[in-house]
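What follows is a short report on a single structure.
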There are 2 protein chains.
Amino acid sequence: MSNDGLAAALQHLDHLAAMPSASERVAEVLRQQIVGGAIRSGTRLTEETISARIGFSRNTIREAFGMLVAERLAVREPHRGVFVATPSRGDIQDLYATRQLIEPAALEFGPGCSPEAVAQLRAIVVAAREGRDAGRPEAVAEANQRFHLAVARMGRSVRADQLMLGVLTEMRLVFHLMDDDRRFHEPYLERNAAIVDLLEQDRRPEAAAALREYLADAERQLVEALDTDWADRARRS
Amino acid sequence: MSNDGLAAALQHLDHLAAMPSASERVAEVLRQQIVGGAIRSGTRLTEETISARIGFSRNTIREAFGMLVAERLAVREPHRGVFVATPSRGDIQDLYATRQLIEPAALEFGPGCSPEAVAQLRAIVVAAREGRDAGRPEAVAEANQRFHLAVARMGRSVRADQLMLGVLTEMRLVFHLMDDDRRFHEPYLERNAAIVDLLEQDRRPEAAAALREYLADAERQLVEALDTDWADRARRS
DNA sequence: ATTGCCATATTGTTCCACAATCCTCTAGTG
DNA sequence: CACTAGAGGATTGTGGAACAATATGGCAAT
């Protein structure tokens, strides 16, 4: 207790040296494959197969599966296995209900809505525009995710942040369900910009209201797009 | 596809027959002991000890530990073990930041704020008053938890609900930190009642504002109480 | 087409082993 | 006396094998 400073410094080194456990590394690999689209929704993840493929024991794989299930990226069906989650319409509605609850509240009442935070939002919008003009829709999507995460962070609650991170990660799964997910975010770029405009004028309630409409429109468009996709798929089979 | 009704009914039976896995049962036992105060904050949970005590293998215990850690009821220190969480001041502030973000938003904008939902809140307040008048502060605390969970449910988001359930569970850990946690909730009972009054008059913005003040006061009182507790404990040692 | 049954595969769980890491205690050193 | 170094013991992290419980799919019988 004599010198907290040294302890803090060592803690820092600790953090640098912190090697994630095997199960966390396995979970991270699978996570990337899932949200990156390399493993499609509905795919069965067999313990032995994964174990053989990436060289960790079944025990470790099971632990990793547990994490993915806890994050809702996968679903466990008892005695059947774990499958990459396929978000249902209900899931999408719930995801947007969560966002409707948290994001506008963070905008309007979040204690972290500082000028620096607004400037960061502005920077993200600028980056998104560059991505759009450069013909890189992936950059636009990524910027959009960063934007909404930054909005949530204005609530200054790590627990809510974590929830929002999980929600936005699940959203990536949703986008992979669509036949054409590349240009989905483009129309919303300028609406993000409008929200930043309002924030720069300290009109937080209006910004929150704009975000609420934004989210409702996005949900509508997403559900409609997926309905036609689902109809197509049903017709094909 | 000929009869969804039957399928739904079978799904229901499935659910009734669903026996939780061993690790979930172990986690549930430990959860109850922790939030009930039988295992105090900071206690080390040794894999072998627990394994021997409740008769499941170390592997299963480890899985259960993972769940508790994911719920923040326990903390894992690599190569040292898992310990029952002891919420810090930062944790308390974060818990209340989360509540400030979600609960008032659910009150003001939640699509689940139906007359029935308000009536349920009213019933909870009545039950809390009975508990208070019967000299059962535990009943008051439990009703208070139910109240705020019901508020959150107005957001109609199972993901946010789950977060709030976790937050309220963590709050129980916080209360166990106090020397006197029995009568903490009593002063807030009538403020809950006032919020229900406003809701019954469809004055949702005012109800949300009242809840925001409520939460800020509760946080202040809690941090102060714990500060003196911490000071006492430091002085004693 | 539906039912009943059996073979097979996968999961859920246990048990054991062992390396890696942390804690404690002792002995030595200045 | 304070402090460092290191040995010893305990616990976790991970691997691997085994087995029971359960789901799947095919085949036969009605």
Side-chain angles (χ1 to χ4, degrees), chain A residues 1-3 6-7 9-30 39 42-70 73-86, chain B residues 1-3 6-7 10-30 39 42-70 73-85:
Chain A
M1 292 295 178
S2 54
N3 47 0
L6 182 57
L10 293 183
Q11 192 83 2
H12 200 299
L13 290 185
D14 239 29
H15 182 276
L16 287 185
M19 189 174 52
S21 74
S23 45
E24 283 180 57
R25 269 180 293 167
V26 171
E28 179 60 20
V29 168
L30 293 175
I39 308 182
T43 307
R44 178 176 190 171
L45 300 177
T46 307
E47 295 181 352
E48 262 180 297
T49 305
I50 307 284
S51 170
R53 181 168 306 163
I54 62 183
F56 283 96
S57 85
R58 245 188 84 198
N59 252 333
T60 303
I61 305 293
R62 269 185 75 81
E63 266 187 64
F65 282 3
M67 300 180 198
L68 297 178
V69 169
L73 293 183
V75 176
R76 159 165 281 136
E77 298 184 20
H79 287 284
R80 286 191 19 103
V82 320
F83 301 79
V84 176
T86 70
Chain B
M1 290 298 179
S2 54
N3 47 1
L6 183 58
L10 293 183
Q11 193 82 1
H12 200 298
L13 289 185
D14 238 29
H15 182 275
L16 288 186
M19 190 174 51
S21 74
S23 46
E24 283 180 58
R25 268 180 293 169
V26 171
E28 179 60 20
V29 168
L30 293 175
I39 308 182
T43 307
R44 178 177 189 171
L45 300 176
T46 307
E47 294 180 354
E48 263 182 293
T49 306
I50 307 283
S51 170
R53 181 167 306 163
I54 62 184
F56 283 97
S57 85
R58 243 189 84 199
N59 256 337
T60 302
I61 305 293
R62 270 185 74 83
E63 265 187 63
F65 283 3
M67 300 180 198
L68 297 178
V69 169
L73 293 183
V75 176
R76 160 164 280 138
E77 298 184 21
H79 288 284
R80 287 191 18 102
V82 319
F83 301 80
V84 176

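Proteins come first, then strands; the chains are lettered A, B, ... in the order of their sequence lines, and each starts at number 1.
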(request) Measure from CD1 on Ile61(A) to P on dG13(D) and round the result to the nearest Å. (result) 17 Å
(request) Starting from the 5' end of DNA chain C, give me the residue, Ser23(B) or Arg80(B), whose nearest nucleotide shows up first. (result) Ser23(B)
(message) Under 4.0 Å from OP1 or OP2 of dT14(C): is there any side-chain N or O of Thr60(B) that close?
(response) yes
(request) Select one nucleotide: of dG12(C), dT10(C), dT11(D), the one nearest the side-chain heavy atoms of Arg44(A). (result) dT10(C)
(request) Please state whether the base of dG12(C) and the side chain of Arg58(A) form at least one donor-acceptor pair under 3.5 Å? (result) yes
(request) Would you give the length of the straight line joining atom CD of Glu63(B) to atom CG of Asn59(A), rounded to the nearest 0.5 angstrom? (result) 8.0 Å
(request) Kindly compute the distance separating CG (Leu68(B)) from CD (Glu28(B)), expressed to the nearest 0.5 Å. (result) 9.5 Å
(request) Between dG12(C), dG13(D), dG15(D), spot the one nearest the side chain of Phe56(A), thanks. (result) dG15(D)
(request) Report the distance from atom CZ of Arg76(B) to atom P of dT11(D), rounded to the nearest whole Å. (result) 16 Å
(message) I want to confirm an ordering. Mapping Leu45(B) and Glu77(A) to their closest nucleotides on DNA chain D, which one lands closer to the 5' end?
(response) Leu45(B)
(request) Please report the shortest heavy-atom distance between Arg76(A) and Pro78(A), naming the atom on each side. (result) O-CD, 3.7 Å
(request) Among dT12(D), dT11(C), dT13(C), find the nucleotide with the atom closest to the side chain of Ser21(B). (result) dT13(C)
(message) Nearest whole Å is fine: how far is dT11(D) C1' from Ile50(B) CD1?
(response) 14 Å
(message) Distance check needed: dT13(C) P versus Glu63(A) CD, whole Å only.
(response) 14 Å
(message) Quick check for you: to the nearest 0.5 Å, what is the distance between Glu77(B) atom CD and Phe83(B) atom CZ?
(response) 5.0 Å
(message) From NE2 of His79(B) over to P of dT21(C), roughly how many Å is that when rounded to an integer?
(response) 5 Å
(request) To the nearest Å, give me how far apart CD (Glu48(B)) and P (dT14(C)) are. (result) 15 Å
(request) Can you measure from CD1 (Ile61(B)) to OG1 (Thr49(B)) and round to the nearest 0.5 angstrom? (result) 10.0 Å
(message) Go nucleotide by nucleotide along DNA chain C from the 5' end; which of Asn59(A) and Arg62(A) gets its closest nucleotide reached first?
(response) Arg62(A)
(message) Rounded to whole Å, please give me the gap between CE in Met19(A) and P in dA20(C).
(response) 11 Å
